[in-house]
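First up is the structure itself, then whatever we jot down about it.
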Number of protein chains: 2
Amino acid sequence: MKKLRLRCEVSASEEEALRAVLQGPFDHQAEQVIVRRGERLNSSILLLEGLLARYKDLSDGQRQITHIHVPGDFADLHGYTLGYLDHNLITLTPCRIARAPHTGLLAITNRFPHLTRAFWFSTNLDASIHREWEVSLGRRKAIERAAHLLCELQSRLLVVGAAEGDSFRLPITQNQFAECLGLTGVHVNRVLRELREAGLADFRGGRVTIHDRPGLEGLAEFDPLYLYLDRPAN
Amino acid sequence: MKKLRLRCEVSASEEEALRAVLQGPFDHQAEQVIVRRGERLNSSILLLEGLLARYKDLSDGQRQITHIHVPGDFADLHGYTLGYLDHNLITLTPCRIARAPHTGLLAITNRFPHLTRAFWFSTNLDASIHREWEVSLGRRKAIERAAHLLCELQSRLLVVGAAEGDSFRLPITQNQFAECLGLTGVHVNRVLRELREAGLADFRGGRVTIHDRPGLEGLAEFDPLYLYLDRPAN
DNA sequence: CGTATTCTTGACAACTTTCAATGCGGGTGG
DNA sequence: CCACCCGCATTGAAAGTTGTCAAGAATACG
């Protein structure tokens with residue numbers, strides 16, 4: 001909740017309204033599909049601890065992860081207006097979540113226009129991250145993609161207090177990382193070695209350590225503007 | 001306006017409120033940057049005629065288009081909650097637009113929760129399209145990406161009455177098409193020839209004709225679920 | 001009618017995938 | 001306690017897809 005607050009200035013009465021609506025917490029194991037594509041929804045999920053991912057499968061078994069959620073993210077708030085998701089939602093690690101029933105969200109959106117805009121902002125921020133991933137997937141080379149995602153995750157985790165300076169836990173496999181980047185696990189492995197040998201960053205054993213942030217950002221052409229870290233006043 | 005209505009059931013009073021807020025229409029030439037990344041916004045753009053694109057530039061001159069807008073789309077409604085855009089907005093063709101000042105949108109969101117949710121839905125639909133593009137860019141081969149985008153555009157244009165059955169105007173260059181697909185113009189050219197020679201679709205002279213929709217959809221693994229064409233009841 | 005884009009094609013290069021094999025480490029059962 | 005397994009990481013070699021470069025053809029436009 002503190003984490004959610006950081007991104008969207010919320011008044012005491014608004015926070016109370018939201019808190020009243022939330023159910024849980026609930027715990028989930030890793031690798032569990034939490035929401036299935038197309039299934040009708042009646043609540044949305046706030047991630048408290050762990051990592052979630054949005055992904056889609058192709059018929060030949062390939063998978064593309066389209067977003068990684070960090071603690072404080074409303075993972076499928078868009079499901080509230082969409083009714084169902086176009087993608088699956090899976091736990092990458094063991095997770096703790098809270099649920100906001102859509103009836104409760106409806107009540108909030110009818111009574112708290114400002115809080116509604118804060119929610120709306122949150123889904124728009126997700127969309128902005130999707131766009132940056134499109135740029136990576138479409139135009140950046142493998143090593144640049146990897147560097148960019150590491151920069152993004154470090155920035156986002158720092159905001160919610162889940163990074164210790166230039167190091168943070170990222171307990172996912174190289175294959176999962178590859179599924180974010182539109183690459184194969186084999187190639188990601190090579191690229192991570194390159195980053196390590198260049199002294200830029202080290203991702204091993206479920207932990208990332210960034211040794212040369214400027215270098216990594218330069219390689220990735222990382223510009224955090226799209227993360228809207230200077231949250232708007234509205 | 002009729003087109004907007006098709007995607008979001010809007011009551012008479014809501015429609016009137018929106019109409020009262022809209023300014024314009026304004027006309028723009030092709031290839032004009034309408035909104036620049038990072039610039040503070042005080043109105044959002046409703047596309048009435050023509051095609052707009054969201055894009056980002058890289059330092060080496062590469063460009064990635066992250067979204068194509070068709071008539072009826074609110075092109076930068078997300079700018080209302082975000083304050084500024086993370087991308088540029090450009091006209092691909094001559095365009096006619098209307099503008100919704102954010103002061104007006106603020107008034108609407110304070111008075112019409114249901115219309116607010118309709119707006120919110122609209123930005124969530126954009127995000128869904130971003131996700132599908134991530135899948136294309138990350139996992140589909142060049143010819144599949146091209147086929148998928150043609151299917152998507154045909155579906156979306158059909159909804160707003162801008163497609164004539166299996167044919168529709170798409171007055172953009174192969175290079176611009178390539179910028180959507182994360183490919184080079186040269187390769188798009190080859191891929192379009194393949195689609196033509198396979199009897200699937202023909203994109204030439206600013207017009208697309210789909211000769212074998214099932215074949216094209218099969219090649220692309222196109223599933224329109226992500227377009228939320230069965231709009232939700234809320 | 002001439003000029004500038006855009007389209008088209010070929011040959012070659014670069015990047016990433018595929019296939020295959022080996023190493024590593026943690027958990028489990030004997 | 002230790003051997004065995006199994007998933008994950010790592011590496012090499014070969015193949016495939018897409019990009020780059022270059023040139024000529026077609027088309028649009030003034």
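Everything numeric in this text was worked out from a predicted model, so none of it was measured.
Annotation: the terminal axes of the helix from dC1(C)-dG30(D) to dG30(C)-dC1(D) meet at 40°, where each axis is the rotation carrying the C1' atoms of four end pairs onto the next four (5 pairs per end, rounded to 10°).
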Taking distance alone, no hydrogens or angles, what donor-acceptor pairs closer than 3.5 Å link side-chain atoms of residues 171-188 of chain B to residues at least two apart or in another chain?
unit_1: Thr173(B); atom_1: OG1; unit_2: Asn175(B); atom_2: N; d: 3.4
unit_1: Thr173(B); atom_1: OG1; unit_2: Gln176(B); atom_2: N; d: 3.0
unit_1: Gln174(B); atom_1: OE1; unit_2: Asn189(B); atom_2: ND2; d: 2.9
unit_1: Gln176(B); atom_1: OE1; unit_2: Thr173(B); atom_2: N; d: 3.0
unit_1: Gln176(B); atom_1: NE2; unit_2: Glu31(B); atom_2: OE2; d: 2.8
unit_1: Thr184(B); atom_1: OG1; unit_2: His187(B); atom_2: N; d: 3.3

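Between the CG atom of Asn175(B) and the P atom of dT5(C) there is a distance of 13 Å, rounded to whole Å. At whole-Å resolution of the value, CD in Gln174(B) and C1' in dT8(C) are 8 Å apart.
Looking at residues two or more places apart in sequence or on another chain, you find no side-chain hydrogen bond (donor to acceptor under 3.5 Å, both in side chains) involving Asp76(A). Annotation: salt bridge (charged side-chain N to carboxylate O under 4.0 Å, His left out) contacts of Arg156(B) (sequence neighbours excluded): Asp73(B), Glu152(B). Qualifying side-chain contact (heavy atoms from CB on, under 4.5 Å) partners for Pro94(B), counting only residues two or more places apart in sequence or in other chains: Ala30(B). Contacts of Tyr84(A) classified as ring pair (Phe, Tyr, Trp, His ring centres under 6.0 Å), with partners at least two apart in sequence or in another chain: Tyr228(B). Taking the side-chain contact (heavy atoms from CB on, under 4.5 Å) definition, one finds that Arg204(B) meets it with Arg196(B), Asp202(B), sequence neighbours left out. Checked against side-chain contact (heavy atoms from CB on, under 4.5 Å), Ser136(A) has the following partners two or more places apart in sequence or in another chain: Arg140(A), Arg145(A), His148(A). For Asp27(B), the side-chain contact (heavy atoms from CB on, under 4.5 Å) partners at least two apart in sequence or on another chain are Arg96(B).
Bounding nucleotides for the chain A contact on DNA chain D, 5' to 3', at a heavy-atom distance below 4.0 Å, are dA9(D) to dA13(D).
A sub-4.0 Å separation between OP1 or OP2 of dC7(C) and a side-chain N or O of Asn189(B) is absent.
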Next on the checklist: Using a 4.0 Å heavy-atom cut-off to protein, can you give one letter per nucleotide of nucleotides 15-20 of chain C, 5' to 3': B if the base is in contact, S if only the sugar-phosphate is, - if neither?
Outcome noted: SSBBB-
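Note on ring orientation: taking the six-membered ring where Trp is involved, the planes of Phe74(B) and Phe119(B) are perpendicular (angle over 60°, cut-offs 30° and 60°).
Listed by first then second residue, pairs satisfying ring pair (Phe, Tyr, Trp, His ring centres under 6.0 Å) with a partner in residues 25-61 of chain A number zero, not counting sequence neighbours.
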